[in-house]
Structure formats: structure tokens, C-alpha cells
Enquirer: 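Handing you a structure now.
In what follows, chains carry the letters A, B, and so on, assigned in the order in which the sequence lines appear, proteins first and then strands, with residues in each chain numbered from 1.
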2 protein chains.
Amino acid sequence: MNSKDQSGEAAYKVVARELRQGILQRRYADGTRLPTEAELATEYQVSRQTVRRAFHDLVAEGMVYRVPGRGTFAAPRDGQYLRQFGSIEDLMGLSLDTQLEVLRPLRRQVDIESASRLRLDSDVVHTVVFRRTHFGDSFCHTTVHLHPAAAAALDDVPELGQEGAVSDATIIGLLDTRLPSPIAEAEQSITAAAAERTLADALGCQVGDPLLRVDRTYLTTDLQPVELAINHFLPEQYSYRVKLRRNTH
Amino acid sequence: MNSKDQSGEAAYKVVARELRQGILQRRYADGTRLPTEAELATEYQVSRQTVRRAFHDLVAEGMVYRVPGRGTFAAPRDGQYLRQFGSIEDLMGLSLDTQLEVLRPLRRQVDIESASRLRLDSDVVHTVVFRRTHFGDSFCHTTVHLHPAAAAALDDVPELGQEGAVSDATIIGLLDTRLPSPIAEAEQSITAAAAERTLADALGCQVGDPLLRVDRTYLTTDLQPVELAINHFLPEQYSYRVKLRRNTH
DNA sequence: CGTTATTTGTGCGTATGTATT
DNA sequence: AAATACATACGCACAAATAAC
């Protein structure tokens, strides 16, 4: 490692992170060129190779594309909010460029179905409803049901209890540090649904419009479900991408 | 470029391709270590940096994982440490309990968008439209666009050329045995869409009903796209499930 | 039309750090 | 403690694509 590195974070990761954030915050409009390798090397006081290493990651993530002789460009996203959610980290990183706005504050309620999906003994869950926005655009409506212990762990987060409050957090990001055991995995189920009145109002679409519904159950390392999130996305602004591989038995 | 390079193919790509093939052919069983960087550098007569470049690609693809001090290992395919989820077999297994009915027989046509998504030089693709049923219930409408070579490989399947024909095959199942290199992976994009007239008729739902739209591009082991399938599912009869894991090995 | 400058791509050498055995 | 193996970082040289002249 370089002698200049005091923080423990690799130089190329710093460069990649800052560029990623800049792209997500639309600091590089579609079609405009990013700084060249040489420019970034000077700016960050690293070698050109280190900048290349950062770009290599961003290309793999699909954040940018590069053309020899021309430059590096932010990958066009035809209006869609395009993020790869292949891992839990990706979901936690959501807070990098989105905000949540509380529509219905966190409160205790009886919900037999959610309680059973969280494998609770009682029928009591804690529920919060919010909307997630990206630069002012609402693209996701989320209802989160929490295990009582998880809800208790969020006691010190006043925003969640207040209607209209805005935060740049993610629920699992908050839970991950507050629970005794961290979040280890999530089970995700994806289907389509028509927008009901509440959803249509929150997302600014028509009643009956098709929405992408994504249910996620988050489990801690001891496989205890702690959170059930029911998300509804506007399809024009969001699509879910995965790679499938062969199982060669 | 290195003076040894006569072929025009980058040295690191050759190394990556051969390793990828070896892994897909199970030449490195789960848990056994791949050759070290130094060994591969000697074997291929390239520098250690070039081997690293190849491994970097394989890591990004999820083919291998690396542990400092221990070595490089083929990523297990049974889901345990898998970063990417779902499997091609699941899709091939469709034919076990479903049937397809040809709505529009396989024929040559010009489709610029599909051709570009298949990364073709020309604008000509071969297209077939069918409906998939499960015990008489239609649950999926599929439009398949094929690489010309893939379409040629299906010449001996008369059902595809005949409207109304019924078969219990899957297109990739057919392609897998007929193409020189097998199907290795698929890229999948999921979103929601409203049913158009054609879709509604085929699936027996109302125009405007929400459908789950799943686009899949199938690639052979040499990463050549051969098939683009656009599926529309009835959400009541289909939902897509995946498990997400934490990225730390 | 070729020439030149710019920019990314490939390849290799070296040094040092960190994790594992 | 030593050897092994991967990770990070920097340096250089040249190739290939692009754009401007």
C-alpha cells in the first residue's frame, strides 16, 4: 500500500466512490465527458494506473462506459433509476443518492399476515410507511413491518416517528449497526400489481397503473427475520436486473 | 501491445477465457484452488500483472473469488457463496410441467432494437411468439428474438414454424444441445407493464392489467448473445424469488 | 488525404503491504 | 519466523481509436 494511505481505504476506492457519487448526483449530465485519466490522476495525486483501477470497477458496475480516443461517459439511463441490487450492500448504499420521506410514522399495530411472515409469536408488528425519492422524483413507496426488537432498536431515530420527516437513511442501514447481530441475507419476491389509491397518490401515477412490487424479508446472521419491506416501484423509473448462471451439476 | 500478440486478442483475455472455460467445465472442483498468479504467468508466458488483469474480470463476473494468502477458487454454484442468483436450469426446467403454443411462427424480420440487444452487425433477427401454459392455464406470453446462427440451429424443429403447434420444449433447451457452445448465462431485467390487446388476448386478462415483464438475454460460454426473450407473466400465477446475501466472503 | 494531438487500452517491471499457512 | 499468495500503487512504453487540422 502507498505510504500516503493513512485511512486504510484504498486510493482507487476513494476515486471510484467519489466518481460514483458524482454520477448518481448527476454532476455529469448524459453525454458529457468525465475528466480524463490524466486529469483525475493530477486531481487526486495518484498515478494514472490507480485512476484506471477505479474506472474498471465503475465499468463493471455499469456506471460508465469508455470509448478509446474519446473519453469516459456516464452510462445513459433512459429516465430510469438504474441500480444493481445483487447484494445487501447495494441496498444499504441506496442512501447515497436517495431520500426517504415518512408518510405514516412508526407505530405498533396488529397485522396477522406480516407477523406471520416475520415468524412472530404474537400478531403485533411495528409499521412505518415512507416514500423514496431521487432528486425530487418519487420512485418507490415502501411499507416496512418490523420485529418488536428491531422497532425498539430504532427508538433513537426521531425522524421515523414524525410524519413528513425526511432522511437519507435506509432502514436496514440503521438496523445493521443497532441490532446485536447484523443483517446477513434477504429473501426477495418480485411481482406486478396495480396501483391502489394510496400508492397512486404517493407516487403520482393513476389508479390501476402497473407497478413493480418487491417484497423483501431481511434476516440477521442467526436467521431471525427482523424486517419485512413491501416496495412498489414505478416501472418507468425502475427495473430490476440480475445475472443468471449455470448450475453445472 | 506485447510483441507476442499476433492474433489481435489481448493476452489477458486469452487467459480469462481459458480459465472461464475450465471453470464452466468443472475442471476445478468446488473448494480446490486454481493455479496461482505466478504459475499462470509462467504457463502463459505473461507477466503476473496480466494474470491479475484476467482474474479481475473473472471476479467481476462472479466466476471466482479470491482470498489473500490462500488462493483463487471457483465460485461454488450451489448458492452458498453465490453473488448472483437464480439458475438457468430453473428456466430449462420449465418444460417439465409447462407447454408452449406457437402464436406466430419463427420467421426472419428486421428489428433494429432487438438486433442491437443481441449485439448483431445486421438488423435482421429471427422471431417467434408463443404462449406458455400450465395445465391448460396460460400464464406467460413470450416473444423470442434469435441470433441468425441460433435460428439456423433450430431448422430441424418443425413445431416452431407452424402456428398453433404445441410443444413441451424450451428454446434454450433446444439451443443448448444444438449450438457449438452451450448456454452459460443469462442477463435478466424485470419490470412491470400494462397488458396490451395482444397480450391480454393471449393470457386471458383485461387490457391494462398489470403484468410482470421479464427480458432475458442468453449468452453462450464464449459470451455471445444468442437469444433475447421478452416474457409477460400474469402476476397471480408467477412471482420471481431471489435471495440476496452479504458480499463479504 | 494524411498528420498530429488526445485519450483510452494493453503489457510489463518494481516495490511494498497484508493475510494465510 | 519464514514462505506463500493476493492487494495496492507507481512507473514506463507502446498500441489503437478518435478527433481536429
Enquirer: With sequence neighbours excluded, what pairs up with A/S167 under the side-chain hydrogen bond (donor to acceptor under 3.5 Å, both in side chains) test?
Expert: none
Enquirer: List for me each residue that meets side-chain hydrogen bond (donor to acceptor under 3.5 Å, both in side chains) alongside B/H126, sequence neighbours excluded, and say none if there are none.
Expert: none
Enquirer: How many Å lie between CG on A/D57 and P on D/dA7, as a whole number?
Expert: 12 Å
Enquirer: State which of C/dC12, D/dC12, D/dT8 makes the closest approach to the side chain of A/Y12.
Expert: D/dT8
Enquirer: Do you know which two heavy atoms are closest between A/L118 and A/H145, and how far apart they sit?
Expert: CD1-O, 3.7 Å
Enquirer: Distances under 3.5 Å between protein N/O atoms and the N/O atoms of nucleotides 3-8 of chain C, please, pair by pair.
Expert:
unit_1 : atom_1 : unit_2 : atom_2 : d
C/dT7  : O2     : A/G69  : N      : 3.2
C/dT8  : OP1    : A/T72  : OG1    : 3.4
C/dT8  : OP2    : A/E37  : N      : 3.1

Enquirer: Can you tell me the distance, in whole Å, between the OH atom of A/Y65 and the C1' atom of C/dG9?
Expert: 17 Å
Enquirer: A/F73 has an atom CZ; how far is it from atom P of D/dT18, in whole Å?
Expert: 11 Å
Enquirer: Rounding to a whole Å, what distance do you find between B/H56:NE2 and D/dA7:P?
Expert: 9 Å
Enquirer: Could you let me know what C/dG11 is paired to, Watson-Crick or G-U wobble, both distances under 3.5 Å, or none if it's on its own?
Expert: D/dC12
Enquirer: Can you sort out the partners of B/F233 under ring-ring contact (aromatic ring centres under 6.0 Å, His included), two or more places apart, ordered by chain and number?
Expert: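 With neighbours one apart ignored, the set is B/Y238.
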Enquirer: Whole Å only: how far is the CG atom of B/L58 from the P atom of D/dC6?
Expert: 13 Å
Enquirer: Name all residues meeting the side-chain hydrogen bond (donor to acceptor under 3.5 Å, both in side chains) criterion together with A/R178; count only those two or more places apart in sequence or in a different chain, and write none if there are none.
Expert: A/D156
Enquirer: Counting side-chain heavy atoms from C-beta on, which of D/dC10, C/dG11, D/dT8 comes nearest to A/A10?
Expert: D/dT8
Enquirer: Quick one: B/L40 CG to D/dA5 P, roughly how many Å, whole number?
Expert: 11 Å
Enquirer: Excluding sequence neighbours, so at least two apart, what forms ring-ring contact (aromatic ring centres under 6.0 Å, His included) with A/Y44?
Expert: none
Enquirer: Indicate whether OP1 or OP2 belonging to D/dC10 is found under 4.0 Å from a side-chain N or O atom of A/T50.
Expert: yes
